[in-house]
Amino acid sequence: MTNAMTDAHAAVTAIEQQTAAAARVLREAAGMEVMGTFFLAGQEFALPAANVREVVGMPGRITPIPLSPHCLEGIFTLRGAAIPLLNLGRIFDPAAPAAMGEQRVAIIDVDDIQVGLVFDATGEVLRVRPEQRAGLRWREGDDQAPAGVVAGAITLNDGARVVQLLDADALVRIDNVPQVRAHASVARDAWRMRFLRQAQGRKCISFTVGGLRFALAMEAIQEIMRVPELLPSVMLGRLCKGWLNLRGMPVGVVDFGALLNCAPSQSDPQDARVLVVRIGDEQLGLLVDAVDDIRPYFDTDILPIPLLGTARGAMYRGCLPNAELGDSLFLAHESLFSDTEVSDICAGHRRLYAQEASAACAARKKSGARHVYLAFSLDTGWAADISQVREIVDFDGTVTRPPGMPACVYGMMQVRQQMVCVIDLRVLYGMAPLGTEAARRILVLEHEGERFGLIVDRVDTILSLPDSQRRPSPQLLRVNGPQDMRQDSAEVLEVPGIDGRDDVLTLFDKEKFIVTLRQQLGAVH
C-alpha cells in the first residue's frame, strides 16, 4: 500500500510540474511577438510578421511621380493595386543609391494600406520576448533621424546582436493620401466593380511630358492644338509661356514640364501640343511634349496611389495601368492648380487681354454648335468625328493575318480582349505604299457590334470646331487611283491655320466607308 501511495504521489507531482512548465511557456508566449528580419547595406532590420504581406522581386516597370520625396522610387502595379515603392536607404540617407534590380521588395500592409519597402536580402523569423525589446526612438527635430520609422531595437545573444525595429504604421503613413483603403473595399466587392465597369465607360487623352506618361479625362479637354505662336504676356516666367487667342478668349499657357520639374523633353518639337483644359469656369493651356493616344477606361481601372508627401499630390487621381502602352499617371484636372493660381493665370490674362482677343476675333465668323474632331493624315488631311473613334493604338502591335483574306485586310489583332479587323486604307483605295511607317497609327471604330482598325499615316491633333466651318465637299480629282477615298466623303472642314489662312480637311464618313469596305469584301468572296 505504501508503494502505491508513493507512486501516486510522484505521478501527481509530475503532472503539477508539467502543468507549471506549460503555464510558464504560455505566459512567455503570450508576451512574444513574431518578427521577420531583413538586411539593407549590411544592417539588420525587423518588422512585425503580421504587417508583412509578401516578398516579391523588384518590379520591371516603376512609374516615377514628379515632385515626390526622394525616398519614393515611384509606383508599380501588383495584382490590381498601385503600390508605392519606398527606398528605405534614402529615408536614412538622401544620398543613398536608387533601387536596383537584384534587390527585393517587402509588401507592408497596415489597415489595408500598402507600401513596398526595398531591401537587399531576407533574414530569419524571430520570436521576440518583451524584455528583448528596447523602445528607443529618434529625437524629434534631429535632422539625421530617419523620419520616425525606427520604433526601437531588439537585443539578442546577450546584447551581442542588435536588430533595428521598424514602425510599420509610420512607414505607410508618411504624409499618406488614404486612397488605398477605399480601393481595398471595392476589391472585396467584386460584383459592384463589374457593375461599375459596365456603367462608367469613358475616354481619356494620354500625353507625355519629360519622358513620363500622363492621362486626362476627355471631358476635361476643351481643345488640343499644335503649338501656335504664343502672344507675349506680362506674366511670362518659368511656368507661363504666354497666351493664345481661343476664339476671342485669352487663354494663358503653362509649361507643364516646368511645373512638375520634369527632365527636359527629348521629343521632336513638332510633336509638342497645347491642351486647353477646363478648370471650373476657367480655361487654361498646358504645354506638353506630345499627345500619344485616346484610350477607353473605367473609373474602377484607376488604381489609387498613396502619395507619400508628394507636392501637389491632389493633382493625381491615380494610376491607369496598361501592359501594352505603359502606365499613366491619371490627373484630376480640377486640382492641377490651386484656386489662387487659377485666378492669377486665368482671370489675370482675361482681365489684361480680353479686349485685344475680342478685337482680333471680331473678323471671324460667329461660331454655332461645336463638334470635336480627330485630325489625321492619309496622304492628305482628314478629320473624323471623335465620337466615331473608340481609341487609337500603336501600329507595332501583334497582328495575325489568316490565309485567304482580301489584300485590304492587314490582319486581326486583339485590343482589350476583343478581336479587331485591321484595314489597310492605302490598299483599299489604291494608294501608293507609305515611305516611312514610324508614325502610323490604328484608329479603332465600332459599327453594329463589329470593330475595325483603320491604318492611317499619323494622328495630328484634336479640334473643336463650329458647324459653320463644315462645307459641302467640292468635286475632287481622282489623284490616288480609281477608288479615291475622298469620293466617300460629302463634306470638308475649314480649319484656322497658324498663319491666318484656313486649311481644308476632308471629313471622314464612317457609313460610306463601311459600304465601300463591304463591297470590296463581297467582291472577293
Scan Thr208, Asn322, Asp292 and name whichever one has a side-chain hydrogen bond (donor to acceptor under 3.5 Å, both in side chains) with Arg213.
-> Asp292
Test applied, side-chain hydrogen bond (donor to acceptor under 3.5 Å, both in side chains); reference residue, Tyr429; option that passes from Asp379, Asp424, Asp488 = Asp488
Side-chain heavy-atom pair [X], [Y] within 4.5 angstrom cut-off:
X	Y	answer
Ile75	Leu303	no
Val372	Ile462	yes
Ile279	Cys346	no
His333	Ile221	no
Leu244	Met225	yes
Met485	Thr380	no
Asp457	Leu378	yes
Met58	Val105	yes

Without swapping roles, check the side chain of [X] against the backbone of [Y] for a donor-acceptor pair under 3.5 Å.
X	Y	value
Arg390	Ser387	no
Ser68	Ile65	yes
Lys510	Asp385	no
Ser206	Asp293	no
Arg451	Glu446	no

For Glu334, what residues pass the salt bridge (Lys or Arg N to Asp or Glu O under 4.0 Å) criterion, not counting sequence neighbours?
->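 Testing Glu334 for salt bridge (Lys or Arg N to Asp or Glu O under 4.0 Å), a comparison that skips the adjacent residues, returns none.
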The salt bridge (Lys or Arg N to Asp or Glu O under 4.0 Å) partners of Asp460 (sequence neighbours excluded) come to Arg226, Arg458
Please assess Phe513 against Leu454 for the test side-chain contact (heavy atoms from CB on, under 4.5 Å), listing each intermediate value before the final yes or no.
-> CA-CA 11 Å; Phe513 160 75; Leu454 309 186; 3.3 Å; yes
[X] and [Y]: which non-hydrogen atoms are nearest, and at how many Å?
X	Y	result
Trp243	Ser233	CD1-CB, 4.0 Å
Ile442	Asp394	CD1-O, 4.1 Å
Cys240	His349	SG-CE1, 3.7 Å
Cys319	Thr77	SG-CG2, 4.4 Å
Ser489	Trp382	CB-CZ3, 4.4 Å
Phe508	Gln388	CD2-OE1, 3.7 Å

Arg53, CZ: over 12 other non-hydrogen atoms inside 6.0 angstrom =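 No, because the 6.0 Å sphere around CZ of Arg53 holds 12 heavy atoms or fewer from other groups.
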Start with the C-alpha distance between Val234 and Tyr353, add both sets of side-chain angles, then the distance that settles side-chain contact (heavy atoms from CB on, under 4.5 Å), and finish with yes or no.
-> CA-CA 10 Å; Val234 296; Tyr353 303 110; 3.6 Å; yes
Check against side-chain contact (heavy atoms from CB on, under 4.5 Å), Asn261 and Leu67 = CA-CA 7 Å; Asn261 290 331; Leu67 304 178; 3.3 Å; yes
Side chain to side chain contact (heavy atoms under 4.5 Å, CB included) test vs Leu517 passes for just one of Leu425, Val409, Ile423, namely Ile423
Only one of Leu505, Leu493, Leu374, Ile386 passes side chain to side chain contact (heavy atoms under 4.5 Å, CB included) with Leu463; say which it is.
-> Leu505
State the [atom1]-[atom2] distance between [X] and [Y], to the nearest 0.5 angstrom.
X	Y	atom1	atom2	value
Ile345	Thr340	CD1	OG1	10.5 Å
Phe76	Ile62	CZ	CD1	7.5 Å
Ser328	Phe207	OG	CZ	9.0 Å
Leu85	Glu73	CG	CD	6.0 Å
Met218	Ile294	CE	CD1	4.0 Å
Leu507	Gln469	CG	CD	12.5 Å

Asp299/Arg317 ion pair, N-O < 4.0 Å | yes
Start with the C-alpha distance between Glu391 and Arg295, add both sets of side-chain angles, then the distance that settles salt bridge (charged side-chain N to carboxylate O under 4.0 Å, His left out), and finish with yes or no.
-> CA-CA 5 Å; Glu391 63 182 297; Arg295 65 176 69 171; over 6 Å; no
Intermediate values then yes/no, side-chain contact (heavy atoms from CB on, under 4.5 Å), Cys421 and Met412 | CA-CA 5 Å; Cys421 179; Met412 306 293 293; 3.8 Å; yes
